[in-house]
Amino acid sequence: MLEDVLHRDNLNQAYLKVVQNKGTAGVDGRDTTELKHQISEEWTDVHERLLSGTYQPSPIRRVKIPKPDGGQRKLGIPTVMDRLIQQALNLYLQPIYDPAFSEHSYGFRPGRRAHDAVRKAKQYINEGYTWVVDIDLEKFFDTVNHDRLMRTLSHRIQDGRILRIIRKYLQAGMMDQGVTQANTMGTPQGSPLSPLLSNIVLDEWDKEMEKRGIRFVRYADDCQIYAGSRKAAERIFRKMTRFLEKTMRLKVNQTKSAVDRPWKRKFLGFSFTASSKGNSKIRVHRTSLERAKDRIRTITSRRWSISMEDRIKKLNQFLVGWRNYFALAETPTPFRRMMEWIRRRLRMIRWKEWKTPKTRKRKLRGLGVSPAKAHEWGNTRKGYWRVACSPILHHTLNDAYWRRLGLKSLI
DNA sequence: TGCCCAGCCAC
RNA sequence: GUUGUGGCUGGGCA
Ligand SMILES: Nc1ncnc2c1ncn2[C@H]1C[C@H](O)[C@@H](COP(=O)(O)OP(=O)(O)OP(=O)(O)O)O1
Ligand SMILES: [Mg+2]
């Protein structure tokens with residue numbers, strides 16, 4: 001019921017999410033800090049029009065951002081008011097739809113992690129299904145068919161007012177450089193409701209695969225299907241391509257999709273080691289490792305004026321976060337070599353704040369080092385480095401290392 | 001247990 | 001200039 005969507009508690013939660021996301025303004029130029037004020041001024045009117053079915057959402061704002069593969073991602077940013085309403089719809093619809101989704105679907109779903117999807121994939125491979133049909137959809141969100149989506153929504157949602165609001169959001173159009181344009185397909189990349197809608201769309205595909213007893217793992221539009229032979233995999237690929245394009249009206253991305261061995265493919269940032277004895281292991285895919293190196297290069301770039309301490313803090317929090325996700329890998333990631341590489345890069349930077357022994361000693365004292373030790377270590381750059389910076393980097397490798405040096409905390 | 005902040009990853 | 005969903009890590013507050 002629409003009244004449940006617009007209930008105080010639901011709206012309050014939706015409001016908090018919009019504000020805490022700290023996103024930027026939509027076409028009306030109002031940002032999240034103004035939302036409270038905007039609600040107090042406009043909500044009674046908006047609420048009225050939502051109930052009477054005369055609410056008209058604003059068009060989305062087009063923003064293009066670079067994709068990791070070099071392409072462009074076209075974001076569609078709704079106004080904060082529309083984000084609030086969509087958050088409320090999402091909070092209401094998520095618990096209705098999510099429990100009915102497939103066990104093998106992992107993307108955009110509460111309580112489900114990419115790690116579980118990768119573990120499941122590994123299990124299939126080690127059960128002997130060593131051929132994979134790797135399917136990715138082309139411009140997935142942008143190609144979602146409105147009529148099909150609305151029809152599937154109408155199966156579970158009785159309240160026609162909710163359906164009409166969702167349809168209005170799908171048809172809200174976009175505004176680019178002052179020109180508004182209507183749109184006939186797709187759900188905006190950047191709308192709070194889009195991820196759930198996309199899962200509602202692809203749930204039909206999940207059900208189709210389950211009906212055929214296919215072993216698969218899906219994360220958003222990235223689906224891995226496992227088979228025992230190349231022939232079987234290719235047959236599934238043809239069947240699924242036909243299903244997706246003919247009956248679902250979506251497009252299979254020919255350059256990103258393929259039938260191959262799992263260890264030749266990337267899935268959620270990981271890949272696998274080759275094995276014919278059911279002994280494949282999870283490893284970090286090289287492109288993910290390259291992206292990490294790129295990030296480190298920019299943090300340790302000489303052209304970036306930032307204090308050494310801040311640089312190391314940034315580096316450390318990146319490495320800790322990065323490693324946390326990729327710790328799932330079972331092959332030893334070359335962390336030690338990476339650390340050496342990072343240290344070499346940092347040493348090449350001329351840090352002017354450490355020019356004199358005096359400033360170095362004062363810093364060490366501030367870190368809780370005894371006067372005698374501060375004198376000893378602060379005299380040389382090398383000594384300062386070893387005590388004040390190196391342990392932080394080492395910390396990501398070995399927690400015991402810097403405790404040994406008698407430093408409690410640098411961060 | 002709840003809330004807030006910073007960040008990382010997937011899509 | 002960068003939206004969204006979901007997950008996770010670290011820190012802080014009571
Ligand atoms: N940063 C993001 N913000 C919002 N939505 C996103 C973001 N990244 C991915 N998505 C959503 C929208 C995409 O259509 C969907 C699948 O991602 P992805 O396959 O990388 O792109 P895509 O399917 O739109 O283009 P491509 O043709 O390159 O596959 O996930
Ligand atoms: Mg895609």
Side-chain angles (χ1 to χ4, degrees), chain A residues 13-14 16-27 31-32 60-69 72-80 82-84 86-87 89-91 93-94 97-98 101 105-119 121 135-137 139-142 169 174 177 186-200 202 217-224 253 256 266-270 284-285 287-289 291-292 295-296 299 310 313-329 392 395-396 399 409-411:
Chain A
Q13 220 179 316
L16 285 174
K17 289 213 74 174
V18 173
V19 171
Q20 286 165 185
N21 278 343
K22 292 182 168 55
T24 56
V27 283
D31 66 28
T32 52
I60 53 169
R61 184 165 63 92
R62 260 275 172 278
V63 172
K64 297 178 181 76
I65 61 167
K67 269 196 275 197
D69 63 38
Q72 269 192 347
R73 165 161 276 120
K74 293 184 178 78
L75 298 180
I77 304 173
T79 62
V80 284
D82 286 327
R83 294 213 288 271
L84 171 74
Q86 292 206 34
Q87 287 284 5
L89 284 165
N90 192 40
L91 288 169
L93 294 172
Q94 185 118 266
Y97 278 98
D98 198 81
F101 286 156
S105 162
Y106 293 87
F108 308 139
R109 294 186 57 190
R112 311 201 129 226
R113 331 166 211 303
H115 283 176
D116 295 337
V118 176
R119 282 199 201 95
I135 297 180
D136 188 281
L137 300 174
K139 296 190 168 54
F140 173 41
F141 278 30
D142 305 332
Y169 271 115
M174 59 162 162
Q177 267 116 41
T187 181
Q189 304 187 33
S191 285
L193 197 53
S194 290
L196 176 64
L197 294 180
S198 81
N199 267 338
I200 292 169
L202 288 193
V217 175
R218 183 173 72 78
Y219 195 101
D221 71 336
D222 201 347
C223 185
Q224 308 269 307
N253 191 326
K256 283 195 193 170
K266 177 187 171 187
F267 184 50
L268 307 179
F270 294 96
V284 180
H285 193 264
T287 60
S288 303
L289 209 63
R291 228 176 294 159
R295 180 89 185 94
I296 290 162
I299 296 173
D310 286 349
K313 261 186 222 173
K314 270 234 148 32
L315 206 50
N316 194 53
Q317 66 192 14
F318 168 77
L319 286 167
V320 168
W322 188 89
R323 193 189 54 169
N324 173 255
Y325 180 78
F326 287 105
L328 180 68
I392 310 181
H395 176 60
T396 63
D399 294 340
S409 169
L410 297 177
I411 300 171

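Using modelled atom types, one side-chain atom of A/Arg109 and one backbone atom of A/Asp98 make a donor-acceptor pair closer than 3.5 Å. Although no hydrogens or angles enter the test, the distance criterion places no donor-acceptor pair under 3.5 Å between the side chain of A/Arg61 and the main chain of A/Pro78. Judged purely by atom type and a 3.5 angstrom limit, A/Ser194 uses its side chain to pair as donor or acceptor with the backbone of A/Pro188.
Legend: residues meeting side-chain hydrogen bond (donor to acceptor under 3.5 Å, both in side chains) with A/Asn253, ordered by chain and number and at least two apart, are A/Thr255. The side-chain contact (heavy atoms from CB on, under 4.5 Å) test applied to A/Asp222 returns A/Asp134, A/Asp136, A/Gln224, A/Phe267, not counting sequence neighbours. Remark: A/Arg291 pairs with no residue by the side-chain hydrogen bond (donor to acceptor under 3.5 Å, both in side chains) rule, at least two apart or across chains. Listed by chain and residue number, nothing satisfies the side-chain contact (heavy atoms from CB on, under 4.5 Å) test with A/Pro66 (two or more places apart in sequence, or in another chain).
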Under-3.5 Å N/O pairs linking protein and nucleotides 9-14 of chain C:
unit_1: C/rU9; atom_1: O4'; unit_2: A/Asn324; atom_2: OD1; d: 3.4

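Taking the six-membered ring where the residue is Trp, A/Phe108 and A/Phe141 present perpendicular rings, their angle passing 60° and hence far from 30°.
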Pair A/Tyr169-A/Thr187, side-chain contact (heavy atoms from CB on, under 4.5 Å): steps then yes or no: CA-CA 8 Å; A/Tyr169 271 115; A/Thr187 181; over 6 Å; no

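Place A/Leu16 and A/Gly269 on DNA chain B by their nearest nucleotides, and A/Leu16 ends up nearer the 5' end. Comparing A/Lys314 and A/Ser288, the nucleotide of DNA chain B nearest to each residue sits closer to the 5' end for A/Lys314.
A sub-4.0 Å separation between OP1 or OP2 of C/rU3 and a side-chain N or O of A/Thr24 is present. Taking 4.0 angstrom as the limit, A/Lys17 places a side-chain polar atom (N or O) nearer than this to OP1 or OP2 of C/rG6. Under 4.0 angstrom from either OP1 or OP2 of B/dC11 there lies no side-chain N or O belonging to A/Lys67. Contact check, A/Arg61 against C/rU3: no side-chain N or O comes under 4.0 Å of OP1 or OP2. Under 4.0 angstrom from either OP1 or OP2 of B/dA10 there lies no side-chain N or O belonging to A/Arg109. One finds a side-chain N or O of A/Gln20 lying less than 4.0 angstrom from the OP1 or OP2 phosphate oxygen of B/dC4. Within the 4.0 Å cut-off from OP1 or OP2 of B/dA10, not a single side-chain nitrogen or oxygen of A/Arg112 is found.
Residue A/Pro68 is out of contact with every strand shown, counting any heavy-atom pair closer than 4.0 Å. Contact annotation for A/Phe318: backbone-only contact, meaning every heavy-atom pair under 4.0 Å involves sugar-phosphate atoms and none involves a base. Within the nucleic acid shown, A/Gln189 comes within 4.0 Å of at least one base atom, counting heavy atoms only. Using a 4.0 Å heavy-atom cutoff across all strands shown, A/Lys22 reaches sugar-phosphate atoms only and no base atom. No contact: A/Arg62 has no heavy atom under 4.0 Å from any strand. Among the atoms of the strands shown, only primed sugar atoms or phosphate atoms (P, OP1, OP2) are found under 4.0 Å from some heavy atom of A/Leu268.
For the residue pair A/Asp116 / A/Tyr106, no side-chain donor-acceptor distance below 3.5 Å is found, with atom types taken as modelled.
For A/Tyr219, the listed nucleotide lying nearest its side chain is B/dA10; candidates were C/rG4, B/dA10, C/rU2. Set against B/dC9, B/dC8, C/rG6, the side chain of A/Arg295 has B/dC8 as its closest nucleotide.
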Dot-bracket pairing map - RNA chain C, Watson-Crick plus G-U, both contacts under 3.5 Å, | cross-strand: ...|||||||||||

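As rounded to the nearest Å, B/dC8 and C/rG1 have C1' atoms that lie 22 Å from one another.
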